[in-house]
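Presented below is the structure to which this report refers.
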Amino acid sequence: MKTLIMATGLALLAPTALMAQEEKAAEAKAEAKKADVEVVVTGNDQMQYDKKEFTVTEGETVALTFKNIGKLPKIAMGHNLVILEPGTNSMQFAMAGMANKDTTGLPDDEEKLKAVVAATKILGPDEEETVTFTAPAPGKYEYVCTFPGHAAVMKGVMTVEAK
Ligand SMILES: [Cu+2]
């Protein structure tokens with residue numbers, strides 16, 4: 001009985017949620033066009049980002065598009081891209097987000113979330129997301145995939161140069 005109620009609820013919610021998602025994606029695209037610089041990173045079924053590093057300049061707006069170009073289902077090989085503040089233990093951070101591996105891949109803890117510079121949600125095959133953010137203070141910022149088991153190998157570094 002419980003299952004039936006849940007299924008009905010989902011069926012009612014789905015169209016609205018989908019529309020909101022499409023609207024959000026369109027909004028993100030429009031915002032990305034206004035950005036100073038566009039960066040595109042892909043992730044594959046071998047748990048590899050195609051870019052292990054990229055460089056931006058302090059203060060510029062960065063439109064970061066992350067695409068999962070793999071074929072494996074999201075439940076087995078989902079990916080996200082999370083840029084972390086310098087000094088963050090990326091492995092521990094990823095572990096803290098494990099419970100949300102089907103959605104954000106981020107921890108729920110507000111304190112831990114302060115370490116996030118920018119993040120996409122967990123994406124399945126052929127999905128992509130663009131996030132826009134302002135390049136923070138000069139330094140080296142590690143980015144990782146927080147899907148369980150990926151952070152050890154699926155990572156890179158964003159370098160922010162001074163203006
Ligand atoms: Cu991954």
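In this text the structure is predicted, and so the values were computed from the model without any measurement. Both ligands and their constituent atoms are indexed starting at 1 by order of listing. Quick note: residue numbers are just sequence positions, from 1.
- Of all N/O/S atoms in His79, ND1 sits nearest the Cu ion (ligand 1).
- Contact annotation: the side chain of Phe147 never approaches that of Asn80 to less than 4.5 Å [non-hydrogen atoms, C-beta and beyond].
- Annotation: angle subtended at the Cu ion (ligand 1) by Cys145 SG and His150 ND1 is 120°, to 10°.
- When distances to the Cu ion (ligand 1) are checked against a cut-off of 2.8 Å, Met154 contributes an N, O or S atom below that limit.
- The two atoms that bring Ala135 and Val62 nearest to each other are CB-CG2, 4.1 Å, heavy atoms only.
- Inter-residue side-chain proximity for Asn100 and Asp108 is flagged as met; some heavy-atom pair is nearer than 4.5 Å.
- Taking the side chain as every heavy atom from C-beta outward, Leu64 and Glu129 never approach each other to under 4.5 Å.
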